[in-house]
Amino acid sequence: EDQVTQSPEALRLQEGESSSLNCSYTVSGLRGLFWYRQDPGKGPEFLFTLYSAGEEKEKERLKATLTKKESFLHITAPKPEDSATYLCAVHPLGGSGNTGKLIFGQGTTLQVKP
Amino acid sequence: GAGVSQSPSNKVTEKGKDVELRCDPISGHTALYWYRQRLGQGLEFLIYFQGNSAPDKSGLPSDRFSAERTGESVSTLTIQRTQQEDSAVYLCASSPRDRGMGYTFGSGTRLTVV
């Protein structure tokens, strides 16, 4: 069964304290892995797509990396405005037809204190 | 429009009533998705529309749930005989055929069944 697990569930950092969020996945095949940011009361906002092991993408203080079993979202010198829930999702291969179904993890809620 | 629009933003309904949720995707996006997000949980896939292809309904939790889409425009998600366990945020997303750019989500409809 395709599955996505994120850790930790919650993370509290001081401003400037770098850290990483983990996304472990089990799929029969991977079309792509997505990272989203979700603020309270809003829909998820797209951050990155990764397709193959070894790939990295960066945006401001965020860098996403991918291996065959997991992805990391590295946050360098975070600021309070980085506080949000970060969601990881996989788009598995297989199934019938050209489904666009994503499988989401439960998210990591990040709080950055000034 | 500039983004994915969902209405209503909030809906409180009595158990046993039917509700209809609306999603207006980004113009030109051929794919449309509905997800459900229960409090403190990850996003749960419900249904996927792609152009004129048959929709992927594999995530609909029961026959009380149904969805329609007219061409490549508005979609409605209908829940009949609502139950308390239907309380959740219902999120709609759309994407161009190239899903490598990620989905664009609406802000969701918060459904509360009392």
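Lettering follows sequence order; numbering is per chain, from 1.
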(request) Given salt bridge (Lys or Arg N to Asp or Glu O under 4.0 Å), test K101(A) with D56(B) step by step and report yes or no. (result) CA-CA 8 Å; K101(A) 172 183 176 180; D56(B) 176 359; over 6 Å; no
(request) Against chain B, work out which of P44(A), G32(A), G41(A) has the most heavy-atom pairs shorter than 4.5 Å and name it. (result) P44(A)
(request) Could you tell me whether a side-chain N or O of K15(B) sits under 3.5 Å from a main-chain N or O of Q84(B), the two making a donor and an acceptor? (result) no
(request) Identify which part of Q6(B) has an atom lying under 4.5 Å from any heavy atom of chain A, answering side chain, backbone, both or neither. (result) neither
(request) Would you kindly say whether S95(B) and H29(B) are connected by a side-chain donor-acceptor distance under 3.5 Å? (result) no
(request) Would you mind telling me which of K42(A), Q6(A), E9(A), Q38(A) has the largest number of heavy-atom pairs within less than 4.5 Å of chain B? (result) Q38(A)
(request) Return yes if some donor-acceptor pair links the side-chain N/O of S18(A) with the main-chain N/O of A77(A) below 3.5 Å, else return no. (result) yes
(message) Report which part of L91(B) has an atom under 4.5 Å of a heavy atom belonging to chain A: side chain, backbone, both, or neither.
(response) side chain
(request) Ignoring hydrogens and angles, state whether a donor on the side chain of T85(A) or T109(A) is under 3.5 Å from an acceptor on the partner side chain. (result) yes
(message) Can you tell me which portion of L47(A) sits under 4.5 Å from chain B's heavy atoms? Options are side chain, backbone, both or neither.
(response) neither
(message) Please classify the contact of Y35(B) with chain A as side chain, backbone, both or neither, using a heavy-atom distance under 4.5 Å.
(response) side chain
